[in-house]
Participant: 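Can you read through this structure? Questions will come right after.
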There are 2 protein chains.
Amino acid sequence: MAKKQVTFADIAEYTGFSKTTISRYFNHPDSLTLENQEKIAKALDELGYRKNKLARVLANGKSEFVGIIVPNLYLHYYSEMLTQLLRSYSDYHYKFLVFVSDGGPEKEMQYLDELMAYKIEGLIVLSHTLSSEKLASYNIPVIAIEREAEHICSVTTDNYMGSMQATSLLIRNQCDVLIHINVHVPENIPAYDRIRAFEETCREYHVPYELNLNVSGDSYQELFEQMRVIFQDIDSKYSGQKKGIFLSNDTYANIFLNLIFQKYNCLPDEYQIIGFDNSPIAAESIIPITTIGQQIDVIAQTTMELLVEQMNEMKKRKPAPLQKPIHKKITPVLIRRQTTGD
Amino acid sequence: MAKKQVTFADIAEYTGFSKTTISRYFNHPDSLTLENQEKIAKALDELGYRKNKLARVLANGKSEFVGIIVPNLYLHYYSEMLTQLLRSYSDYHYKFLVFVSDGGPEKEMQYLDELMAYKIEGLIVLSHTLSSEKLASYNIPVIAIEREAEHICSVTTDNYMGSMQATSLLIRNQCDVLIHINVHVPENIPAYDRIRAFEETCREYHVPYELNLNVSGDSYQELFEQMRVIFQDIDSKYSGQKKGIFLSNDTYANIFLNLIFQKYNCLPDEYQIIGFDNSPIAAESIIPITTIGQQIDVIAQTTMELLVEQMNEMKKRKPAPLQKPIHKKITPVLIRRQTTGD
DNA sequence: TTGTAAGCGTTATCAC
DNA sequence: GTGATAACGCTTACAA
């Protein structure tokens with residue numbers, strides 16, 4: 001702001017070329033002689049030129065912006081996903097405008113307005129606040145990650161596979177009864193498949209099972225107290241039986257494990273525990289917890305591939321938008337650690 | 001891209017006003033009669049107008065962009081800080097362009113180039129990659145968070161205070177010997193004060209102490225193995241004495257606690273443990289860990305206040321940049337939990 | 001209260 | 001290979 005910017009006009013004057021040629025130096029360098037390229041490079045340096053990409057966007061319509069709306073970064077899953085998405089800058093050079101979506105639908109629509117006003121070329125949504133129908137109405141490429149996505153493209157973990165792997169392991173390990181602990185999950189979001197797979201697998205192998213979907217609460221303390229009740233219930237109800245506990249995330253699994261330790265000072269053979277997410281806590285707990293690892297890097301990469309493809313399509317003279325949303329599933333991996341025998 | 005954008009020109013034609021008036025409708029609505037405001041509002045709606053803020057930036061030079069460079073989001077500290085910074089959108093309406101800085105100085109300078117090309121008004125740096133001298137040379141307001149900041153403004157936790165609180169608590173709790181476990185910290189970064197305060201406080205109270213600055217390693221496994229050696233060393237060397245262990249972060253504290261449990265199945269009275277950061281692991285560990293809580297929300301808020309003030313200054317006709325960088329310290333809070341007696 | 005016209009710093013089109 | 005010129009969509013003196 002202090003001194004006026006150096007512009008193509010200045011470079012042009014300084015070198016005796018036209019603005020057009022300066023522009024070409026950046027966008028089609030091969031169309032200049034090497035000699036002239038060097039001449040311009042030198043001038044750029046001497047005048048201390050700095051690009052202004054905003055002017056470029058205005059002229060050619062390509063902002064290279066991608067919007068991201070994420071529910072929070074408190075959960076390791078989200079912060080890791082954001083990291084991986086941001087990392088893709090190295091490959092694609094898209095810049096990311098990031099919003100954390102607290103504050104409900106109105107706020108989130110305000111964020112979207114803002115993003116549209118900055119001419120984002122594409123959008124990545126991890127929050128569950130707005131319906132996919134609403135999101136689709138913005139007419140830009142949108143990828144949903146791990147959420148309801150009827151009308152937009154999506155990339156999700158193959159929750160069914162993951163849950164099946166967990167459940168199968170507990171069955172193979174000769175558990176007498178299997179218990180799945182989770183919050184109440186709406187049927188239309190991907191995570192519901194964890195519940196479905198658990199039930200169907202238990203049924204298929206004729207293993208007794210119980211579904212506990214009563215977890216709720218925001219703070220760790222609340223969760224802990226709830227889990228204590230659940231633990232005591234299970235511990236007395238199935239006393240003497242070998243219990244396979246499959247929890248919907250590693251935080252829950254860790255709490256459950258801590259409760260077991262508080263009572264037994266160890267993990268008795270009577271208990272097997274599996275979490276979900278492969279978040280740090282699963283490795284850092286008093287005993288490393290077996291878990292289902294979501295391949296966050298693969299999800300992020302797939303998301304960007306899908307998105308870039310569609311953003312490129314939009315730049316063609318006659319864009320052919322997708323007829324139907326594409327949905328990709330990424331297989332998670334079972335990470336065996338010490339809470340499911342050795 | 002599909003259909004051409006609706007522009008002020010269209011609105012102007014449609015309503016019979018000039019482009020200027022349409023512009024004023026957005027920027028100085030009071031200067032129009034209510035009647036005309038409504039007329040324009042109606043037209044906006046009917047034509048389906050969408051703002052183009054990039055054009056506006058080009059015209060008035062105010063991008064409302066702030067760049068953030070963060071080392072990673074793996075550590076809770078950084079992801080929480082990012083969340084808090086992003087949240088400030090509600091107050092200031094600055095948009096954030098976020099880069100994760102892996103890949104060394106060259107990469108980071110490339111990020112900075114990109115940010116400058118998008119005409120960011122200010123910059124927030126959490127990475128340690130570039131010197132404050134280099135950062136200052138960009139001639140835009142820069143705030144460093146918890147890093148070397150000789151030539152730029154900064155906001156940091158009052159590490160000295162925090163460390164002193166931790167050390168004092170251990171002394172008050174009658175520990176026979178105090179041990180501080182940390183990585184090797186360069187003297188010019190804020191975190192070094194934790195070491196200084198520990199030493200000085202121990203000396204002042206004439207309490208025997210030991211400094212172990214040998215921790216290193218990237219993965220949890222590596223850390224764990226290193227910490228095991230450190231633990232065994234301490235456990236035998238100070239057998240029978242009451243040991244106050246102050247670790248430089250909660251991850252280390254948790255590992256140490258787990259090692260104690262592996263050996264003793266409990267936390268013996270002989271041990272007191274304090275971590276740093278108040279990250280989730282401190283609450284979720286086998287026993288909730290006493291820790292020093294950085295006031296991340298306050299740090300983020302202070303950062304934005306400082307930054308906004310300077311960005312506003314830059315917009316004045318005759319900007320008066322700071323003569324000397326401002327450095328703010330935020331006092332951390334001692335969070336007493338179960339690893340320092342009840 | 002409203003309008004005219006000249007920018008802002010690029011790129012695109014068409015010519016040479 | 002290179003250049004003139006008209007966009008891109010909005011803001012901002014300066015006028016009226």
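Order of the sequence lines fixes the chain letters, A, B, ..., with proteins taken first and strands second; residue numbering starts at 1 for each chain. Note that the structure is a prediction, hence the values are computed from the model and not measured.
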Participant: If you take the centroid of each ring, where Trp contributes its six-membered ring, are B/Phe65 and A/Phe65 closer together than 6.0 Å?
Facilitator: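 Ring-ring flag for A/Phe65/B/Phe65: true, centres closer than 6.0 Å.
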Participant: Does this structure show an ion pair linking A/Glu305 with A/Lys328, if we count only N-O contacts that are shorter than 4.0 Å?
Facilitator: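 Judged by the 4.0 Å cut-off on N to carboxylate O distance, A/Glu305 and A/Lys328 do not form a salt bridge.
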Participant: What string of B, S and - do you get for nucleotides 6-16 of chain C, 5' to 3', when a contact is any protein heavy atom under 4.0 Å?
Facilitator: -BBBBBB----
Participant: Measure CD1/B/Ile11 against C1'/C/dG3 and give the value in whole Å, please.
Facilitator: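 Going from CD1 in B/Ile11 over to C1' in C/dG3 covers 17 Å.
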Participant: Determine whether a donor-acceptor pair (N or O, by modelled atom type, separation under 3.5 Å) exists between the side chain of A/Glu108 and the backbone of A/Ser101.
Facilitator: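 A pair under 3.5 Å: no.
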Participant: Between B/Ser90 and A/Lys107, is there a side-chain donor-acceptor contact under 3.5 Å, judged purely by atom types and distance?
Facilitator: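 The criterion, which ignores hydrogens and geometry beyond distance, is satisfied for B/Ser90 and A/Lys107.
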Participant: List the atom pairs, donor and acceptor, that lie under 3.5 Å between side-chain atoms in residues 68-79 of chain A and the rest of the protein, sequence neighbours left out.
Facilitator:
unit_1  : atom_1 : unit_2  : atom_2 : d
A/Asn72 : OD1    : A/Tyr74 : N      : 2.9
A/Asn72 : OD1    : A/Leu75 : N      : 3.1
A/Ser79 : OG     : A/His76 : O      : 3.2

Participant: Suppose we call two aromatic rings close when their centres sit under 6.0 Å apart. Are B/Phe17 and B/Tyr25 close by that rule?
Facilitator: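 Centroid separation for B/Phe17 and B/Tyr25: 6.0 Å or greater.
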Participant: Go through residues 33-47 of chain A and report each residue with a non-hydrogen atom lying under 4.0 Å from DNA chain C, sorted by number.
Facilitator: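 Heavy-atom contacts with DNA chain C come from no residue of residues 33-47 of chain A; none.
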Participant: Whole angstrom is fine here: how far is it from NZ in A/Lys119 over to C1' in D/dG9?
Facilitator: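 Computing the A/Lys119:NZ to D/dG9:C1' distance gives 9 Å.
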Participant: If we ignore hydrogens and angles and just use 3.5 Å, is the side chain of A/Ser132 paired with the main-chain N or O of A/Glu148 as donor and acceptor?
Facilitator: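 It does not hold such a pair.
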Participant: For A/Asp91, is there any backbone N or O sitting under 3.5 Å from a side-chain donor or acceptor partner on A/Ser88?
Facilitator: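 Looks like no, no N/O pair under 3.5 Å.
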